[in-house]
Amino acid sequence: MKKITFSLLATIFFTSIFHTQTVSIPGTNFETALVNSGIDTNSINGNILISDAQGITTLNISNENITDITGISAFEDLVSLNCINNAITTLNLSQNLSLETLVCGNNHLTSLNISQNNVLRLLNCNNNSLSNANQGFRTKKQA
C-alpha cells in the first residue's frame, strides 16, 4: 500500500510541476492581452502556462499598447502573428519556426530577428524604425 501511495503522489507531484510551469512574460500589457484572448486556460493569477502557449497557431495582439513581447518564443506552434499598432521596439521571433505570417507594422521596431523563420511567407513591418528589414528573411525567389 505504501508503494502505491508513494508512486501515486510522485506521479501527481511531477505532473503538476510540468503542467504548471509558466511562461516568463515581464510585459504587463502583453500578458493582459494574452489573458484577455482566452489563452490562460486555468485562470491562475493571470499566468500563462507553457501548456497554454503550445498549440496556439494564430495570435492577434494588435492595438494593446504592448512594449515588450518577451515570452513569445513559448508559442512554438505559432503560424500567424498580428501585433500591429503597439509600441514594440524589439521583436525576436527566431524560435517561432512555424511562423508563416507576421504583421508587425506601426510599432517602434528597431530590431527584428526573423533569421530562422524559413517558412515565413508574408511580412508586413511598415512604419517602424528598422534599418534593415531583411534581417534573415528570404523570399522563395532568393532561397
Side-chain angles (χ1 to χ4, degrees), residues 3-140 142-143:
K3 283 185 177 183
I4 294 172
T5 304
F6 176 76
S7 180
L8 180 62
L9 289 175
T11 301
I12 292 170
F13 175 75
F14 286 113
T15 301
S16 66
I17 286 176
F18 289 114
H19 288 292
T20 60
Q21 290 180 340
T22 60
V23 178
S24 176
I25 303 175
T28 304
N29 289 352
F30 180 38
E31 187 168 46
T32 299
L34 294 173
V35 170
N36 291 342
S37 296
I39 293 176
D40 181 21
T41 59
N42 64 354
S43 301
I44 298 176
N45 300 324
N47 290 324
I48 305 300
L49 301 178
I50 292 172
S51 60
D52 291 336
Q54 294 171 339
I56 300 295
T57 58
T58 302
L59 186 58
N60 184 344
I61 50 171
S62 58
N63 302 303
E64 296 287 348
N65 199 30
I66 296 169
T67 58
D68 185 355
I69 199 164
T70 300
I72 194 69
S73 61
F75 291 79
E76 59 190 33
D77 298 320
L78 198 60
V79 173
S80 177
L81 173 61
N82 182 346
C83 58
I84 197 168
N85 294 326
N86 282 294
I88 303 166
T89 57
T90 301
L91 189 53
N92 183 350
L93 299 168
S94 62
Q95 300 300 307
N96 303 90
L97 303 179
S98 298
L99 195 65
E100 295 178 12
T101 302
L102 172 59
V103 180
C104 58
N106 298 328
N107 275 285
H108 302 282
L109 289 176
T110 57
S111 175
L112 173 62
N113 186 345
I114 51 175
S115 61
Q116 302 300 314
N117 302 92
N118 296 326
V119 296
L120 191 62
R121 296 181 182 167
L122 174 66
L123 173 63
N124 179 341
C125 59
N126 62 322
N127 296 325
N128 280 292
S129 299
L130 293 168
S131 60
N132 183 2
N134 190 31
Q135 301 197 13
F137 181 67
R138 293 183 310 273
T139 64
K140 287 185 177 183
Q142 292 173 320

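Just so we're clear, the structure is a prediction, and the values are computed from it rather than from any experiment.
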> Compare all side-chain heavy atoms of C83 with those of I66 and state whether any distance is below 4.5 angstrom.
no
> Taking atom types as modelled, is there a side-chain donor on N85 or N106 under 3.5 Å from an acceptor on the other?
yes
> Grab the two heavy atoms, one from L130 and one from C125, that are nearest each other, plus how far apart they are.
CD1-SG, 3.9 Å
> Q116 versus L93: any side-chain heavy-atom pair under 4.5 Å?
no
> Nearest heavy-atom pair of L97 and V119: which atoms, and what distance?
O-CG2, 3.4 Å
> Closest approach of A87 and H108, non-hydrogen atoms and distance?
CA-CD2, 3.2 Å
> Looking at A74 and A53, what are the two nearest heavy atoms and their distance?
O-CB, 3.6 Å
> Quickly, which of N96, L99, L34, N92 forms a side-chain contact (heavy atoms from CB on, under 4.5 Å) with I72? Name it, please.
N96
> Determine whether a donor-acceptor pair (N or O, by modelled atom type, separation under 3.5 Å) exists between the side chain of N86 and the backbone of N65.
yes
> Considering only heavy atoms from C-beta outward, does the side chain of N117 approach that of L102 to under 4.5 Å?
no
> Should we say atom CD of E100 is surrounded by more than 12 heavy atoms from elsewhere, each under 6.0 Å from it?
yes
> Does E64 reach the side chain of N29, with side-chain heavy atoms less than 4.5 Å apart?
no
> Nearest 0.5 Å please: distance from the CG atom of L78 over to the CD atom of Q95.
13.0 Å
> Kindly say whether L109 contributes a backbone atom to a donor-acceptor pair with the side chain of N107 at under 3.5 angstrom?
no
> Of I84, L91, N126, N124, which meets side-chain contact (heavy atoms from CB on, under 4.5 Å) against C104?
L91
> So do the side chains of N47 and D40 get within less than 4.5 Å of each other, counting heavy atoms only?
no
> Nearest 0.5 Å, please: how far is OG1 in T110 from CG in L112?
10.0 Å
> What I'd like to find out is whether the side chain of I39 reaches to under 4.5 Å of the side chain of F75, using heavy atoms alone.
yes
> Hey, could you give me the CG/OG distance between L120 and S115, rounded to the nearest 0.5 Å?
11.5 Å
> Can any side-chain N or O of D77 pair as donor or acceptor with the backbone N or O of G55 at less than 3.5 Å?
yes
> First locate atom CD1 of I48, then atom CD of Q21, and finally report the distance between them rounded to the nearest 0.5 Å.
15.0 Å
> Specify the closest pair of heavy atoms between S37 and N60, including all atoms of both residues, with the distance to one decimal.
OG-O, 4.4 Å
> To the nearest 0.5 Å, how far apart are CD1 in I88 and OG1 in T70?
10.0 Å
> Evaluate I61 against L81 for side-chain contact (heavy atoms from CB on, under 4.5 Å), listing each step before the verdict.
CA-CA 8 Å; I61 50 171; L81 173 61; 4.2 Å; yes
> Is there a donor-acceptor contact under 3.5 Å from the side chain of D68 to the main chain of P26?
no
